[in-house]
Amino acid sequence: MEIDVFTLFPEAFDWFAGQRHVRNAVEGGLRLDYVSYRAHTPLTGGQVDDTPFGGGAGMVLRVDVVDAALRGHYGRDPLDLHRERRVVALTPGGRLLDDALVEDLAGERALTLLSGRYEGFDERIVEHLATDAVSIGRYVLSGGELAAMVLCDAIVRKLPGALGHEDSVVEESFSPALEGGPEYPHYTRPAEYRGWTVPEVLLSGHHERIREWRLEQSRRRRGDASDPLR
Ligand code: ADE
């Protein structure tokens with residue numbers, strides 16, 4: 001798989017790129033690249049954004065800048081890219097990210113992620129240059145970099161070899177193995193701490209009973225509005 005992240009701050013991804021599971025995925029064949037809008041801008045002085053038409057606070061990422069960055073990096077009209085890769089704009093008003101969307105994107109051969117900055121994108125970027133608009137939640141971050149990292153992380157951990165233990169992805173929260181529900185609770189040593197005990201069944205070594213207990217806990221969490229994870 002190939003993921004290109006377009007950003008104003010490629011260095012913001014240094015920490016992410018160094019994480020063990022990301023390096024594992026790269027060693028396993030993932031190509032992860034960061035492309036600077038500023039390096040491709042046709043405007044003087046490295047300009048990439050502008051004041052919004054109609055007035056208002058903040059700055060908006062320009063459509064000509066994103067068009068030039070895509071064209072400069074891929075060497076063709078960005079509209080022609082849509083046949084070969086999904087171009088995902090990270091924006092608070094986009095489709096809400098969930099496990100099904102992550103799974104869908106993780107199945108692509110190639111992805112381009114567009115991070116916005118300041119007040120966001122000129123809408124024509126989302127409308128014409130992107131194929132998808134994705135939001136990581138109904139709140140506004142100061143830029144799309146963190147959102148792009150969240151999306152990349154969720155995708156990368158689904159790639160073979162990223163996590164040491166393959167089962168960790170199969171039976172995690174919101175996966176089909178748990179009927180789309182949240183994950184069951186985990187416990188580790190000590191088996192008792194300040195009188196707080198671990199459910200007996202987990203210490204029983206009885207795999208079938210443990211499997212049933214976990215599925216039951218996942219179902220209960222999904223149905224129980226008072227659960228702290230909801
Ligand atoms: N950019 C700023 N806020 C965002 C959000 N909530 N999701 C995706 N991209 C964003």
Side-chain angles (χ1 to χ4, degrees), residues 1-17 19 21-22 30 32-41 46-70 73 78 81-82 85-108 110-159 172-174 182 229-230:
M1 181 177 197
E2 182 181 306
I3 305 178
D4 295 326
V5 184
F6 283 64
T7 170
L8 287 171
F9 303 103
E11 67 283 359
F13 293 85
D14 288 351
W15 171 84
F16 177 70
Q19 295 305 294
H21 63 293
V22 180
L30 169 69
L32 188 52
D33 270 347
Y34 308 98
V35 183
S36 162
Y37 293 121
R38 231 181 274 284
H40 291 280
T41 182
Q47 186 188 350
V48 291
D49 56 359
D50 227 317
T51 53
F53 282 131
M59 302 291 272
V60 176
L61 192 59
R62 287 176 52 137
V63 64
D64 51 350
V65 168
V66 176
D67 192 39
L70 289 165
H73 185 72
L81 284 177
H82 295 179
R85 61 199 303 138
R86 306 258 292 268
V87 179
V88 180
L90 278 311
T91 176
R95 174 175 163 191
L96 266 185
L97 186 62
D98 61 9
D99 189 67
L101 181 53
V102 173
E103 192 69 49
D104 176 28
L105 293 172
E108 294 285 328
L111 287 179
T112 297
L113 308 187
L114 303 177
S115 316
R117 198 63 193 167
Y118 316 113
E119 281 310 290
F121 296 106
D122 182 303
E123 190 58 25
R124 291 167 291 183
I125 297 168
V126 179
E127 215 172 293
H128 301 289
L129 297 178
T131 57
D132 298 74
V134 170
S135 169
I136 64 159
R138 295 292 185 240
Y139 45 82
V140 182
L141 301 164
S142 23
E145 280 72 24
L146 288 172
M149 262 182 259
V150 166
L151 176 54
C152 263
D153 188 76
I155 290 173
V156 163
R157 62 202 307 289
K158 301 241 184 215
L159 301 180
E172 69 181 0
S173 291
F174 318 116
L229 287 183
R230 288 174 53 100

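Read the numbers this way: they start at 1 and go in the same order the structure lists the ligands and their atoms. Keep in mind the model is a prediction, meaning the values are calculated, not measured.
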CZ on Phe53 to OG1 on Thr51, rounded to 0.5 Å: 7.5 Å
From CG (Leu113) to CD (Glu145), nearest 0.5 Å: 11.0 Å
Electrostatic pair Lys158:Asp104 at N-O distance under 4.0 angstrom: no
Numbered atoms and elements of ligand 1 in range of Leu90, under 4.0 angstrom, heavy atoms: 8 (C), 9 (N)
Interfacing atoms of ligand 1 (cut-off 4.0 Å, heavy-atom, Val134): 8 (C)
Among protein heavy atoms, which sits nearest to [atom], and what does the distance come to when rounded to 0.1 Å?
atom                   : result
atom 6 (N) of ligand 1 : Tyr139 O, 2.8 Å
atom 5 (C) of ligand 1 : Pro92 CA, 3.7 Å
atom 3 (N) of ligand 1 : Leu141 N, 3.0 Å

Sub-4.0 Å heavy-atom contact, Gly116 with ligand 1: no
Within-shell test, Gly120 vs ligand 1, heavy atom, strictly < 4.0 Å: no
Leu70, Leu90, Val5, Asp4 screened by side-chain contact (heavy atoms from CB on, under 4.5 Å) with Leu114, the one that passes: Leu70
Any donor-acceptor N or O pair under 3.5 Å, side chains His128, Asp67: no
Mutual orientation of the aromatic rings belonging to Phe6 and His73 [parallel < 30°, tilted 30-60°, perpendicular > 60°]: perpendicular
Gly137 N/O to ligand 1 N/O under 3.5 Å: yes
Ile136 N/O under 3.5 Å from ligand 1 N/O: yes
Flag, side chain of Tyr37 to backbone of Gly116, donor-acceptor distance under 3.5 Å: no
